[in-house]
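Read the structure below first, then the notes.
Within every chain, numbering begins at 1; the chains are lettered A, B, ... in the order of the sequence lines, protein sequences first and strands thereafter. Here the structure is a predicted model, which means the values were calculated and not measured.
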Protein chains: 2
Amino acid sequence: MGNTTIYDVAGAAGVSLATVSRVLNNPEKVKEETRQRVLKVIKELGYRPNVIARGLASRKTTTVGIVISDVTRASVSEMLGGIGDIAQNYKYSVKLFSIREDMDVNDILQDVVAEQLDGVLYLNDELSEKSVEEVRRIFVDNQIPYVLANVVSDDPSVPMVCIDYEKAGYEITKVMIDDNRKDIYLLSTARRYSVNDKKEAGYTKAMLEAGLEPKIFRTSGDTHVNRQHFATFFKDKKIDAAIGVRDSIAVSFMNIARDNGIKVPENLAVAGFQNTKYALLSRPNLTSIDVPVYDIGAVSMRLLTKLMNSKDVDNIRISLPHYIVKRDSTRNK
Amino acid sequence: MGNTTIYDVAGAAGVSLATVSRVLNNPEKVKEETRQRVLKVIKELGYRPNVIARGLASRKTTTVGIVISDVTRASVSEMLGGIGDIAQNYKYSVKLFSIREDMDVNDILQDVVAEQLDGVLYLNDELSEKSVEEVRRIFVDNQIPYVLANVVSDDPSVPMVCIDYEKAGYEITKVMIDDNRKDIYLLSTARRYSVNDKKEAGYTKAMLEAGLEPKIFRTSGDTHVNRQHFATFFKDKKIDAAIGVRDSIAVSFMNIARDNGIKVPENLAVAGFQNTKYALLSRPNLTSIDVPVYDIGAVSMRLLTKLMNSKDVDNIRISLPHYIVKRDSTRNK
DNA sequence: CTGAAAGCGCTTACAG
DNA sequence: CTGAAAGCGCTTACAG
């Protein structure tokens, strides 16, 4: 009952344990007849190899680590979905490591290393370029294959799967510009990190090209805090368009604008990033950049499996396509 | 670099590997002086025990499995947060197992068993009472401690952490009744499962007590599909209150009602379950039952650690408190 | 308080 | 194609 070992199988099948092991790992090396006999016994006894013992002996755990800073974010769970599906296809298990604010990233990563994982997926869009470098070093030093998922790094030696956030930022700003908006704000986060830096870069580029002044307003990611911040806007600022770096920021901004009697999209166009459920449940529906989060998870996991099997990987930096979903919060011609 | 073994430490400290192991696992059995010396070497060498080898030798993996059917659900990620925090406190690692629709639950659970986990948390609110029984059997047969998180089971031998969904259903219905609503609908899911069965039971009880006719409308969990379903409502049905078994259902219902010119809360009161971000970002803000999802995760994990250490656990069935957050989608006196 | 030795359940060269 | 044996890196009685 759950504790059948390879010895039991060997005994019952009248072979050595080495043969049983081969049937499991290199079936082609075992004579058809023997193999069938062993397989039959395995089934009868309901034998499942102890993955721990296997891990120790083979030095492979068929387990990958997922490092996350904030499990709570909507995008994370979808990414986990993509990762999980592909991991299951390739028979990998998934172990979760969450980084809490009060913890040292290096320390966690050392734990991750001690876990004898075959590879690691690092999901965290709130990483600065400098932190990325530290992370890279730890994995390289320990020779652990890794992939950054939905994190941007300019270092060409860093394997990553992402969308082109700069381009996305540029495009959504162009939508506003083409609609003749002049005072276009980017609502970004107070804390700087690489992904949002890219969005800001794209936004700024589009604004400058159009001869407009870029206006980045930094706010908290917390919807409650935002209410206060945003309230000031409609007293003293000229504004006819706003782009939130997250849907939740965009929606709460839009709600507050409407509370202040501003018409969306007539007087104010609003757009977000990520195309989450929030975008669909808001009124008016929110125009948003669709980020294929599930795919980012799935593709990173697939890239990681390649890296783990050290196949010659042609492209370790994958940029997935995004697109703009236009809805009622912007004026669409 | 990363592959220092216990032998290296023993050699450098001039002791046997048994002593090193004791320093790590039973420090009180080692003389202060020796212990310090070993500890120093461990630090210098950056030694971290190989968890796999430890797992094989001790037959404990300090890893718990989390079985989930749909990672994508908002509640799941928050629950993961609670689980992760407590797991980290107790030094447990967390391994994720997601069940896809096309998979056999038993098969997955057999895998889970083969993983040599110290315990399992089963998070899935879409389990019928019958499925719960199967799940229970597998764990009991294999003597693996387990806890159901946010799943309801009437079997008193099943460890679980949940809120009293029946009571919650009753209370929110009472809110509507006390506001003199007569045609109160419960918007539930097409697929039946224990948690929603409880909500329905509470709703039905309150309605019958008040001499009103219970009206349960079953719909898809998918917001897109709902739109069609819901549209029919405002043509032929009398309705002045609606309770969605999920916030997302409630919000999309509310949106469609407003599109049909119905005033919320004047002509229609709406409430949801779970008090997610949707409830806050909707207009009007949604009245909702606050389910302490993070706590459910944390408490289940704590209960599981008790079970794994087979302390005499006094209460294996924990009901966490919920409360109603009244907002603008209901009329509040 | 410490060490020598067996054992956890596998994999994998090495022979044959 | 198959078996005997060593080894993966630890833990844990058992002696002393």
**Message:** Heavy atoms from C-beta onward define the side chain here; which of C/dC8, D/dC10, C/dA4 lies closest to that of B/Arg59?
**Reply:** C/dC8
**Asked** Under 4.0 angstrom, heavy atoms only, what part of the nucleic acid is A/Val51 near: base, sugar-phosphate, or nothing?
**Response** nothing
**Request:** May I ask you to decide whether B/Arg136 forms a salt bridge with B/Glu133, counting only side-chain N to carboxylate O separations under 4.0 Å?
**Result:** yes
**Separation of C/dG7 C1' from A/Leu56 CG (nearest whole Å)** = 12 Å
**Request:** Could you please name the option among C/dG9, D/dC10, C/dT2 that lies closest to any side-chain atom of A/Tyr7?
**Result:** C/dG9
**Fill in**
When rounded to whole Å, the CD to C1' distance for the pair B/Gln116 and C/dG9 reads 9 Å
**Item:** Which atom of A/Ile316 lies closest to which atom of A/Pro156, heavy atoms considered
**Value:** CD1-O, 3.8 Å
**Fill in**
Which of B/Val293, B/Leu148, B/Ile68 passes side-chain contact (heavy atoms from CB on, under 4.5 Å) with B/Leu123? It is B/Ile68
Can you give me the N/O atom pairs linking the protein to nucleotides 12-16 of chain C at distances under 3.5 Å, or say none if there are none?
residue : atom : partner : partner atom : Å
C/dA13  : N6   : A/Arg22 : NH2          : 3.4

**Asked** So what does B/Lys31 hit on the nucleic acid, given a heavy-atom distance under 4.0 Å: a base, only sugar-phosphate, or nothing?
**Response** sugar-phosphate
**Request:** Would you kindly give the NZ-to-C1' distance between A/Lys60 and C/dC10, to the nearest whole Å?
**Result:** 16 Å
**Asked** Around B/Gln143, counting heavy atoms of other residues, nucleotides and ligands shown, do more than 12 lie under 6.0 Å from its CD?
**Response** no
**Message:** What is the distance, to the nearest angstrom, from the CD1 atom on B/Ile42 to the P atom on D/dC10?
**Reply:** 10 Å
**B/Val195 to B/Asn150 - nearest heavy-atom pair and separation** = CG2-O, 3.7 Å
**Fill in**
Here DNA chain C, pairs taken as Watson-Crick or G-U under 3.5 Å and shown with ( ), [ ] when crossing and | when to another strand, reads |||.||||||||.|||
**Message:** Taking the side chain as everything from C-beta on, heavy atoms only, tell me whether B/Tyr146 gets closer than 4.5 Å to B/Val158.
**Reply:** yes
**Fill in**
B/Arg54 CZ to D/dC8 P, in whole Å, measures 19 Å
**A/Glu33 CD - D/dC1 P separation (whole Å)** = 12 Å
**Item:** Whole-Å distance separating the CG atom of A/Leu24 from the C1' atom of C/dG9
**Value:** 12 Å
**Complete:** Ranking C/dG9, C/dC10, D/dC10 by distance to the side chain of A/Ile6, first place goes to C/dC10
**Asked** Between C/dC8, C/dC10, D/dC10, which nucleotide has the shortest distance from any of its atoms to the side chain of B/Thr5?
**Response** D/dC10
**Which nucleotide in D/dG9, D/dT2, C/dA4 has an atom nearest any side-chain atom of A/Thr19** = D/dT2
**Message:** Would you say that B/Gln88 contacts A/Ser98 through its side chain, given a criterion of any heavy-atom pair below 4.5 Å between the two side chains?
**Reply:** yes
**Asked** Would B/Arg35 and B/Glu32 pass as an ion pair if we require N to O under 4.0 Å?
**Response** yes
**Message:** Could you measure the distance from the CD1 atom of B/Ile6 to the CZ atom of B/Arg54? Nearest 0.5 Å is fine.
**Reply:** 8.5 Å
